[in-house]
Amino acid sequence: MQVSDDRGSWGSRAGFILAAAGSAVGLGNIWGFPMQVGKGGGAVFVLIYLACVFLICFPILIAELALGRSSRRSPIEAFATTRPGTPWWVVGALGVMAGVGILSFYVVIAGWTLAYIWFAATGAVVGSPEQIGGFFGAFVADGAKNVVLSFVVLAVTAGILLAGVREGIERASKLMMPALFLLLIGLAARALTLPGAAEGLAYYMHPDWSGLTNPAVFNAALGQAFFSLSLGMGAMITYGSYLSRTANATTSAAWVAGLDTAVALLAGLVIFPAGFSIAGFDPSSSGPGLIFAVLPRLFGTMPGGELFGAAFFILLSIAALTSTLSLLEVPTSALVDRGWPRKRAVVTLTLAVGALSVPSVLSQGAVASLSTLPGFEVSFLDLMATVWNNWALPIGGLLISIFVGWVWGADRAIEELTAEGQTFPAAPLWAFLIRYVCPLAILFIIVMTARGMFAG
Ligand code: PFF
């Protein structure tokens, strides 16, 4: 197949690292990670999460980049051209579906963060913890407003993508990422000097080992790690496909995984000390509203809180945007590789995702009960997040590790990764992880979770 002229490439390795880290760092780190730590019992979740990142996800990140760089194709074509005439392209197709599915609820939360820039700047969210929680509940229940906000997020994403890989994604990431780091470090420094900070730190750092017996916690940690690193759906295959052969993919992968993990851990250092400084704070029951309930309270007690608050939600919107870019880029690149003009692909997908986002918006409001499916005591938005993050991404990761480790072959992947004289000293360890540890560990966690669900 001919490679379309609309395929792009990165301008530099630093540009690639920032864009890939921009894809990885997002709502998953700042909104999702603290929420999952809260649900998963604190420090023990953090430890399981870190094990998942380094033993399972980091090797898969390298595998995705190698496959993308070697095939120079979007996910479906990457599998199809590496092993023509086999059904492996289905793994790419699953990734394209995951991209659309995840984006459809992701833009809803990104819309909330956009609105909170305004709320924080104008000091609209004030009062007792109950009042602040009530404000969030009333706001997300406003379907019309939230549909508009989600569409705004999608429109901005589409606008940047239309500019192409180098001018669009890379340029935006270069500006946005450094600002994000600085703001987050400032907020952590502030949160750590609050009165209840020590209790929050203890919750975050001293594990309660009883959590180790619950397979659902492992499943949530694994899903969170995949989601946070943008893995299991071919986003990193796509980004790897724009990477030059002279750029070292393994050290780039280490940067991306390291930055992503650092931002998630920093977000916890903001949320838990701040949360525990509020009397009666219960991290396990806060759900999607956790940061929206805790942070305005924190800002409200700070001099210049409006400024800090607005800065934080700007940061979060930026982080979300560099991730929505990559979520939309996966299905876009699939269509571009099929010969679609980039513009038509972006516009069509934007309309489809926009339509799909409406049930997630409405599931937070008046028709919430209608969208709560029998047997699932969660909203449609939560259900989407669970299906895609906890199941589709790990299953995608399982299949990618089998494909790269066994079908394409770890040796061939290492050849690709060491092309043009690049070094990869940990190659034997990586081959062992991708062939044995990744597939077996993911399979084990999936089977245990499924058994627990059916037994329960
Ligand atoms: N990694 C992003 C986050 O943590 O918010 C979400 C994401 C982006 C997931 C891109 C998957 C993906 F392909």
Side-chain angles (χ1 to χ4, degrees), residues 18-37 49 52-53 57-58 60-61 64-65 68 74-75 78 91-92 94-113 153-154 157 160-161 169 173 176-177 180 184 220-241 253 256-257 259-268 288 291 315-334 349 353 384-397 400:
L18 283 174
S23 163
V25 175
L27 294 171
N29 305 61
I30 295 165
W31 165 81
F33 180 73
M35 171 175 74
Q36 295 292 348
V37 173
Y49 174 81
C52 289
V53 167
C57 289
F58 182 49
I60 293 179
L61 173 56
E64 285 202 22
L65 293 178
S74 61
V91 183
L94 179 74
V96 168
M97 277 159 54
V100 171
I102 292 176
L103 191 56
S104 76
F105 75 83
Y106 203 93
V107 292
V108 178
I109 304 153
W112 300 347
T113 68
V153 174
L154 257 177
T157 306
I160 297 179
L161 270 199
I169 305 178
S173 303
M176 293 168 171
M177 291 294 293
L180 184 157
L184 202 55
L222 182 69
Q224 175 62 27
F226 269 100
F227 182 66
S228 189
L229 285 168
S230 306
L231 292 178
M233 51 162 276
M236 291 299 171
I237 298 178
T238 310
Y239 274 26
S241 78
V256 173
L259 289 172
D260 186 70
T261 308
V263 172
L265 293 176
L266 261 176
I291 63 163
L315 173 161
L316 194 52
S317 303
I318 291 168
L321 198 62
T322 50
S323 299
T324 54
L325 288 174
S326 70
L327 282 162
L328 192 58
E329 179 63 17
V330 171
T332 300
S333 69
L349 286 163
V353 173
M384 289 293 271
T386 309
V387 167
W388 296 112
N389 301 2
N390 290 14
W391 294 95
L393 297 185
I395 290 171
I400 290 169

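Numbers here simply count residues along the sequence, with the first being 1. Numbering of ligands and ligand atoms starts at 1, following listing order. The structure displayed is predicted, hence computed values, not measured ones. Side-chain atoms are counted along with the backbone in the values below, which use heavy atoms only and exclude waters and symmetry mates.
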Heavy atoms of Asp260 and Ser228 approach each other most closely as OD2-OG, 2.7 Å
For ligand 1, which is the ligand I care about here, please tell me if Gly28 has any N or O atom under 3.5 Å from one of the ligand's N or O atoms.
yes
Identify the closest protein heavy atom to atom 5 (O) of ligand 1: which residue and atom is it, and at what distance?
Tyr106 OH, 2.4 Å
Give a yes-or-no answer on whether the side chains of Ser326 and Ser230 include a donor-acceptor pair shorter than 3.5 Å.
no
Heavy atoms only: give me the nearest Pro75-Thr238 pair and the separation to one decimal.
CD-OG1, 3.3 Å
Out of Asp260, Val263, Leu327, Ile109, who is nearest to atom 12 (C) of ligand 1 when you count heavy atoms only?
Leu327
Please round to the nearest 0.5 Å and tell me the distance separating atom CG of Leu327 and atom CD1 of Ile102.
6.0 Å
Taking distance alone, with N or O pairs closer than 3.5 Å, would you say Ala235 contacts ligand 1?
no
With a heavy-atom distance limit of 4.0 Å, tell me whether Ser326 approaches ligand 1 through its side chain, its backbone, both, or neither.
side chain
Quick check: does Met233 get an N/O under 3.5 Å from an N/O on ligand 1?
no
Of the non-hydrogen atoms in Tyr106 and Gly28, which two are nearest, and what is the gap between them?
OH-N, 4.1 Å
For atom 2 (C) of ligand 1, the protein heavy atom that lies nearest, with its residue and separation:
Ser23 O, 3.3 Å
So Leu316 and Ile291, do their side chains get closer than 4.5 Å, heavy atoms only?
yes
Give the atom numbers and elements of ligand 1 that come within less than 4.0 Å of a heavy atom of Gly26.
3 (C), 4 (O), 5 (O)
Minimum-distance protein heavy atom relative to atom 6 (C) of ligand 1
Phe227 O, 3.6 Å
So, the side chain of Ser74 versus the backbone of Val330: is there a donor-acceptor pair under 3.5 Å, distance only?
no
Can you pull out the closest protein heavy atom to atom 8 (C) of ligand 1? Residue, atom name and distance to 0.1 Å, please.
Ser230 OG, 3.3 Å
In the structure I gave you, are the side-chain heavy atoms of Ser23 and Met236 within less than 4.5 Å of one another anywhere?
yes
In this structure, CG of Leu266 is separated from CG of Asn29 (nearest 0.5 Å) by 10.0 Å
State the atoms of ligand 1, each with its element, that fall below the 4.0 Å cut-off from a heavy-atom position in Leu27.
5 (O)
Out of all atoms in ligand 1, which are within 4.0 Å of some heavy atom of Asn29? Include the element for each.
4 (O)
Report the nearest protein non-hydrogen atom to atom 4 (O) of ligand 1: residue, atom name, distance rounded to 0.1 Å.
Ala24 O, 2.9 Å
